[in-house]
Amino acid sequence: MMRVLLISANTERINMPALPLGLGCVAAAAEKAGHSVRMLDLMAEGNNPLAVQNAIEDFAPQAIGVSVRNIDNQDMRSCQLLIEKAKSVIAACRASTGAPIILGGAGYSICPAQALAYLGADMGIEGEGERSFPELLRLLESGITPEGLPGLHIPGKDLGAHVSYEEDLDSLPLPGPDMWSGPYLREQDFWMPFQTRRGCALGCIYCSSPIVEGTVMRMRSPGSVGQALERYVEAGFNRIYFTDNTFNIPSWFAEELCGHIAERAPGLRWRAIIYPMGIDQRLADLMAKSGCVEVSIGFESGCARILEGLKKRFAPRDIRHVVGLFADRGIRTNGFLLMGSPGETPKSAEESLIFAASLPLDALKITVGLRIFPRTDLFRIALAEGIVQEGDDLFFPRFYISGGLGESGKLYEAASRWAAGRSGWIF
Ligand code: B12
């Protein structure tokens with residue numbers, strides 16, 4: 001048994017304060033394996049500069065896990081390096097203890113080697129942490145060199161770490177409501193995150209989700225989700241944000257899920273991310289009846305040619321249909337438009353803006369420029385176009401903007417002009 005301190009370095013409130021759900025999953029798994037775990041969520045600590053030092057002095061951990069969620073804010077116009085927070089956390093750990101520091105999380109998994117080098121940690125686990133982290137603790141405790149563990153990276157060593165993804169999500173413990181504390185949990189804009197499935201096979205050219213979650217979708221059983229949500233509602237958390245990449249895929253699963261939510265957690269209000277394809281009246285009705293109040297729809301473009309280039313499996317008419325289905329049921333719709341994609345021209349950009357303005361959306365967020373992630377088709381396109389070079393460090397953000405647009409300033413100007421006159425539009 002080891003004393004393990006798990007630190008969430010994220011204090012960002014961009015969009016909404018995000019609870020460290022992934023770290024909670026890892027904590028639940030480490031506890032189940034018999035370790036003594038303490039969580040330090042820096043979001044809950046306000047601005048206390050001594051939070052890390054105090055926790056280490058008080059708990060004397062034998063290992064420290066640090067969750068790295070965000071690298072950057074993915075905004076080409078005013079880019080912020082959010083990873084800096086994690087760097088200072090690791091420095092504070094180093095100043096107080098010699099215990100090994102282990103990284104994990106989405107921001108870490110996208111560029112593991114670079115993150116390890118930049119942050120100065122001892123090792124890291126790429127991908128899901130529930131299996132590998134407790135196993136790593138066991139090996140460290142027994143004094144066995146941990147090489148060969150799925151997803152493990154150690155600076156300076158090429159372990160060829162293959163990442164493995166759990167097939168049976170129900171076998172992984174879920175963090176219960178008692179795992180969480182902190183004043184921000186009672187704030188008006190707080191929505192408790194909950195994940196029902198992992199993995200995405202859709203293959204959108206720019207997306208990092210397959211890197212973090214793999215390309216094979218795995219689901220928790222709808223009954224177990226209903227049961228877990230019932231406990232959250234009983235504990236007073238009746239606003240849930242489903243973090244699943246595409247809540248409506250597959251639709252049979254989404255339908256079953258809605259049935260269980262309505263039965264076990266009546267009174268729950270929830271939000272989700274939707275892929276605008278394959279949603280019919282029946283699913284939209286079930287979503288509304290089970291408490292869905294808002295959907296985010298990353299339709300990204302209103303031009304069929306650009307959507308094809310992004311490898312989206314929907315066309316503008318599908319987007320219109322889906323937005324209409326939710327609007328008719330009083331479910332708030334947030335649209336997301338991504339401008340500057342491969343093949344974008346001033347004409348297609350305008351087509352997108354006209355299209356977006358014609359939809360009955362409650363809000364629209366416009367992003368100009370696509371964050372280039374490693375191991376994506378967008379990276380290969382950017383390479384072929386000379387925007388990035390082989391071996392470029394994509395840990396520090398690099399953005400794609402179509403060469404067919406002329407100056408990026410013109411697109412900024414167009415997006416600002418369109419957003420200025422419209423309520424709910426954000427650029
Ligand atoms: C849902 C989501 C959101 C929701 C969050 C809602 C909420 N209430 O939490 C919303 C839409 C609000 C959002 C906002 C943002 N997001 Co977001 N989001 C996601 C998404 C799709 C899922 C995150 C999630 O909760 N996963 C579920 C948990 C269980 O998984 P996990 O955290 O990855 O944890 C697992 C592993 O990583 C690992 N692990 C985690 N911690 C640790 C620690 C250790 C020690 C170990 C060993 C392992 C480990 O084990 C866990 C369990 O298996 C991811 C993409 C993705 N598919 O991962 C992007 C993602 C995390 N977001 C990202 C970004 C950038 C943002 C924003 C900055 C965007 C913006 N400009 O607004 C904001 C920041 C929000 C904030 N306050 O921090 C990026 C981060 C990469 C980057 N470029 O920095 C991602 C990866 C998406 C992307 N575009 O690439 N987001």
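As the structure lists them, so they are numbered: ligands from 1, and atoms in each ligand from 1.
- Remark: ligand 1 atoms within the under-4.0 Å shell around heavy atoms of Pro193 are 7 (C), 8 (N), 9 (O).
- Annotation: cation-pi pair Arg417/Tyr412 absent, no NZ/CZ under 6.0 Å from the ring centroid and within 45° of its normal.
- Looking at atom 87 (C) of ligand 1, its nearest protein heavy atom turns out to be Ser208 OG, 4.0 Å.
- The distance from ligand 1 to the heavy atoms of Glu213 drops below 4.0 Å at these ligand atoms: 56 (C), 57 (N), 58 (O).
- For atom 89 (N) of ligand 1, the closest heavy atom belonging to the protein is Gln74 OE1, 2.8 Å.
- Counting protein heavy atoms only, atom 50 (O) of ligand 1 is closest to Gly129 N, 3.0 Å.
- Distances below 4.0 Å separate heavy atoms of Gly65 from the following atoms of ligand 1: 45 (C).
- Looking from atom 46 (C) of ligand 1 to the surrounding protein, the closest heavy atom is Gly104 CA, 3.5 Å.
- Looking at Arg69, Met43, Met16, it is Arg69 that brings a heavy atom closest to atom 15 (C) of ligand 1.
- Regarding atom 32 (O) of ligand 1, its nearest protein heavy-atom neighbour is Gly22 CA, 3.6 Å.
- Every heavy atom of Ser132 sits 4.0 Å or more from the atoms of ligand 1.
- Proximity of a side-chain donor or acceptor of Arg38 to a complementary backbone N or O of Ser36 within less than 3.5 Å is not detected.
- Here is the list of ligand 1 atoms found below 4.0 Å of a heavy atom in Ile14: 70 (C), 71 (N), 72 (O), 74 (C), 75 (C), 76 (C), 77 (N).
- Checked against a 6.0 Å centroid threshold, the rings of Trp270 and Phe247 count as neighbours.
- For atom 52 (C) of ligand 1, the nearest non-hydrogen atom from the set Glu130, Arg13, Glu166, Arg371 comes from Glu130.
- When only non-hydrogen protein atoms are considered, atom 6 (C) of ligand 1 lies nearest to Tyr241 CD2, 3.7 Å.
- Checked against the 6.0 Å centroid threshold, Phe314 and Phe299 do not count as a close aromatic pair.
- Judged by the shortest distance from any of its heavy atoms, Phe373 lies inside the 4.0 Å radius around the atoms of ligand 1.
- Atom 37 (O) of ligand 1 has its nearest heavy-atom neighbour, among Ala30, Gly105, Pro20, in Gly105.
- Residue Thr243 approaches ligand 1 through these ligand atoms, each under 4.0 Å from one of its heavy atoms: 1 (C), 21 (C), 22 (C), 24 (C), 25 (O), 27 (C).
- With respect to atom 33 (O) of ligand 1, the closest heavy atom belonging to the protein is Val212 CG1, 3.9 Å.
- Within the structure, the closest approach of Arg198 to ligand 1 falls below 4.0 Å when heavy atoms are considered.
- Of the possible polar contacts, none joining the Ser348 side chain to the Glu344 backbone as a donor-acceptor pair under 3.5 Å is found.
- Backbone and side-chain nitrogen or oxygen atoms of Ile71 are examined, and one is located within less than 3.5 angstrom of a nitrogen or oxygen of ligand 1.
- With sequence neighbours left out, Ser402 forms a side chain to side chain donor-acceptor pair (under 3.5 Å) with no residue at all.
- For ligand 1, the atoms lying closer than 4.0 Å to a non-hydrogen atom of Gly127 are 36 (C), 37 (O), 38 (C), 50 (O).
- Atoms of ligand 1 lying under 4.0 Å from at least one heavy atom of Trp191, given by number and element, are 8 (N).
- Summary of contacts: the protein heavy atom closest to atom 71 (N) of ligand 1 is Asn73 O, 3.0 Å.
- Close contacts between ligand 1 and Val26 involve ligand atoms 48 (C), 49 (C), 50 (O) [criterion: under 4.0 Å to a heavy atom].
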Can I get a per-line list of side-chain donor-acceptor pairs under 3.5 Å for residues 379-386, giving both atom names and the distance, sequence neighbours left out?
from	atom 1	to	atom 2	distance (Å)
Arg380	NE	Asp377	OD1	3.4
Arg380	NH2	Asp377	OD1	2.9
Glu385	OE1	Tyr400	OH	2.8
Glu385	OE2	Tyr400	OH	3.1

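- Counting heavy atoms closer than 4.0 Å to ligand 1, residue Asn15 contributes side-chain atoms (C-beta onward) but none from N, CA, C or O.
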